[in-house]
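Below: the structure, in structure tokens.
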There are 2 protein chains.
Amino acid sequence: MQLTVFPAPTSPTANLDHGHDHGGCRTKALQTAEQLCNNRGVRLTPMRRQVLELIWESHRAIKAYDLLDRIKPTTGTAKPATVYRALDFLLEQGLIHKVESLNAFIGCSFSDHQHQQLLLTCIRCLEVEERPAAGVMEAIDRELEQAAFIIHHKAIEIHGICIRCAKHPPITATI
Amino acid sequence: MQLTVFPAPTSPTANLDHGHDHGGCRTKALQTAEQLCNNRGVRLTPMRRQVLELIWESHRAIKAYDLLDRIKPTTGTAKPATVYRALDFLLEQGLIHKVESLNAFIGCSFSDHQHQQLLLTCIRCLEVEERPAAGVMEAIDRELEQAAFIIHHKAIEIHGICIRCAKHPPITATI
DNA sequence: TGCCGATATGTTATATAGTAGCATATCTGC
DNA sequence: GCAGATATGCTACTATATAACATATCGGCA
Ligand SMILES: [Zn+2]
Ligand SMILES: [Zn+2]
Ligand SMILES: [Zn+2]
Ligand SMILES: [Zn+2]
């Protein structure tokens, strides 16, 4: 029998995620979020901030109900509406993205400026990389111009194997 | 009070869908499906064929549970697993596509040859247009080469207003 | 300071989407 | 006709998301 075991996506002991200091990513994202909300006169409440923090715990997309399990409400247990409302706010403010093909959410890596993005999801480590990919966006604009289609929203999602997982193939054991 | 009313997406009396004879689209799709399944030695059973027919009733994406409501089983009522199994088969055979951002399905317009596609969903008439968009696909390939990302699957979905709806704006009434 | 309207969260219930596991039926090759 | 493979029926369940209304909190202003 063949068993395939993938390495754990993150170290259990540290903020190291695929070899980078992820604490920096998270801190920066939260600081940017605070500033943007201040500038815009909208409120990054404790609940919204907590959801954003949980989303930024890794570069893996997280599902609404997994967030729900991890929310520590001041009293009782959190309900779906709570987390979905926080997600709606964060989406509106451009602080997170929804990965439609996963029904899951990731922190936006470029929330401080207007952008459009490709989302590259690794089917091994489950991390999602956001790439502005200007060339792709221009090609889409040209295509839509030909089609005379007035764009409101794009979702460009690619699934595959990221370079790190390609270089460190999964451990394979024979039982 | 302002009320906005969109024209009905299809004529109730005919196979005319946004001004084209849609019966031709459907007939061609079903014939192609029969041939492909024959060539491949897979079975387009009555259930699978019925689901494909229902999907091809229009160019609007249809949800699994709406299909379920419309399936006429030989006996009793259809259950979710029935329709999802038919959908799985049709997806595997490349006869339909899933629109991830809608949790809905459309018939593939190019099932007789290998292709990759953009899905343009009109938020007014709800029709979905599939476009091969070679330029976009090349741009994505270049981007993924830079990212050293090995692609397994793409979903490129755009929401907006199609040219037909842009030309025939919704009726607006004041009450 | 205390009240008011607006915003945010709590709570209950329900709608929508998708899967697991096992029984039964149908097909296909022998 | 029989056996194994494939497809469907069926029951139950899990997962994802929203509606509607009650309560709490915030922030400006009398
Ligand atoms: Zn990081
Ligand atoms: Zn972003
Ligand atoms: Zn048509
Ligand atoms: Zn297609």
Side-chain angles (χ1 to χ4, degrees), chain A residues 33-34 37-55 60-93 95-106 126 155 157, chain B residues 33-34 37-55 60-93 95-106 126 155 157:
Chain A
E34 299 268 17
C37 289
N38 267 333
N39 295 347
R40 292 171 187 169
V42 297
R43 290 159 57 199
L44 187 64
T45 61
M47 175 60 72
R48 291 164 175 176
R49 197 191 149 90
Q50 191 186 353
V51 170
L52 187 58
E53 276 178 23
L54 287 170
I55 289 173
R60 276 164 282 150
I62 185 165
K63 288 173 172 277
Y65 277 73
D66 291 339
L67 284 168
L68 196 48
D69 290 339
R70 309 197 52 197
I71 287 174
K72 313 282 184 220
T74 35
T75 163
T77 53
K79 302 288 184 298
T82 303
V83 73
Y84 279 105
R85 279 190 289 225
L87 289 169
D88 284 346
F89 172 85
L90 297 170
L91 285 168
E92 271 166 24
Q93 296 302 321
L95 299 171
I96 63 172
H97 297 296
K98 179 170 186 182
V99 188
E100 298 284 356
S101 52
L102 296 176
N103 297 320
F105 303 84
I106 56 158
L126 305 182
E157 304 183 359
Chain B
E34 298 269 18
C37 289
N38 267 332
N39 295 347
R40 293 171 186 169
V42 295
R43 290 159 57 199
L44 188 64
T45 61
M47 176 60 72
R48 291 164 176 176
R49 196 190 150 91
Q50 191 185 355
V51 169
L52 186 58
E53 276 177 24
L54 288 170
I55 288 173
R60 277 163 282 151
I62 185 166
K63 289 171 173 279
Y65 278 73
D66 292 339
L67 284 168
L68 196 49
D69 289 340
R70 310 195 52 196
I71 287 175
K72 312 284 185 219
T74 35
T75 165
T77 53
K79 301 289 183 295
T82 301
V83 72
Y84 278 106
R85 281 191 287 226
L87 289 169
D88 285 346
F89 172 85
L90 296 170
L91 285 168
E92 272 166 24
Q93 297 301 321
L95 299 171
I96 63 172
H97 296 295
K98 178 170 186 183
V99 188
E100 298 284 356
S101 51
L102 297 176
N103 297 322
F105 302 85
I106 56 158
L126 304 181
E157 305 183 359

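The figures here come from the full heavy-atom set of this structure, side chains too, leaving out hydrogens, waters and symmetry mates.
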Set of residues satisfying side-chain hydrogen bond (donor to acceptor under 3.5 Å, both in side chains) with respect to [X], sequence neighbours excluded:
X      : answer
B:Q93  : B:R40
B:S101 : B:E157, B:H159
A:R43  : none

**Asked** When every nucleotide of nucleotides 13-22 of chain C is labelled 5' to 3' by its protein contacts under 4.0 Å (heavy atoms), B for base, S for sugar-phosphate only, - for none, what sequence of letters results?
**Response** ----BBBB--
**Message:** Across nucleotides 25-30 of chain C, 5' to 3', mark each nucleotide with B, S or - according to how protein heavy atoms within less than 4.0 Å reach it.
**Reply:** --S---
**Presence of B:T45 side-chain N/O under 4.0 Å of D:dT8 phosphate oxygens OP1/OP2** =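 The answer is yes; a side-chain N or O of B:T45 sits under 4.0 Å from OP1 or OP2.
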**Message:** Using OP1 and OP2 only, check whether a side-chain N or O of B:T82 sits under 4.0 Å from D:dT8.
**Reply:**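 No, B:T82 has no side-chain N/O under 4.0 Å of OP1/OP2 on D:dT8.
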**Contact check, side chains of A:V42 and A:F89, non-hydrogen atoms, under 4.5 Å** =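 Yes, close enough: below the 4.5 Å cut-off.
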**Prompt:** So, do B:L87 and B:L67 sit near enough that their side-chain heavy atoms are less than 4.5 Å apart?
**Reply:**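 In short, these two side chains touch, coming nearer than 4.5 Å.
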**Nearest atoms (heavy-atom pairs only) where A:L91 meets A:F105** =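 Where A:L91 meets A:F105 most closely, the heavy atoms are CD1-CE2, 4.1 Å.
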Mind checking side-chain contact (heavy atoms from CB on, under 4.5 Å) for [X] and listing every partner two or more places apart, or none if nothing turns up?
X     : answer
A:R85 : A:A81
B:D66 : B:I62, B:K63, B:D69
A:A61 : A:V99, A:L102, A:A104, A:I106, A:V128

**Item:** Qualifying residue, where the test is side-chain contact (heavy atoms from CB on, under 4.5 Å) with A:V83 and the options are A:L54, A:L68, A:D88
**Value:**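 Among A:L54, A:L68, A:D88, the one meeting side-chain contact (heavy atoms from CB on, under 4.5 Å) with A:V83 is A:L68.
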Rounded to whole angstrom units, what separation is found between the [atom1] atom of [X] and the [atom2] atom of [N]?
X     : N      : atom1 : atom2 : result
A:K79 : D:dT23 : NZ    : P     : 15 Å
A:F89 : C:dT9  : CZ    : C1'   : 14 Å
A:D69 : D:dT14 : CG    : P     : 14 Å
A:L68 : C:dT12 : CG    : P     : 14 Å
B:I71 : D:dT8  : CD1   : C1'   : 11 Å
A:L87 : C:dT9  : CG    : P     : 12 Å
A:M47 : D:dT25 : CE    : C1'   : 13 Å

**Message:** I'd like to check the salt bridge (charged side-chain N to carboxylate O under 4.0 Å, His left out) partners of A:R48; sequence neighbours left out, ordered by chain and number.
**Reply:**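 Listed in chain order: nothing, the list is empty.
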**Request:** Please give the angle, rounded to 10 degrees, between the axes at the start and the end of the helix from C:dT1-D:dA30 to C:dC30-D:dG1, where five pairs define each axis.
**Result:**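 Both end axes considered, the difference amounts to 20°.
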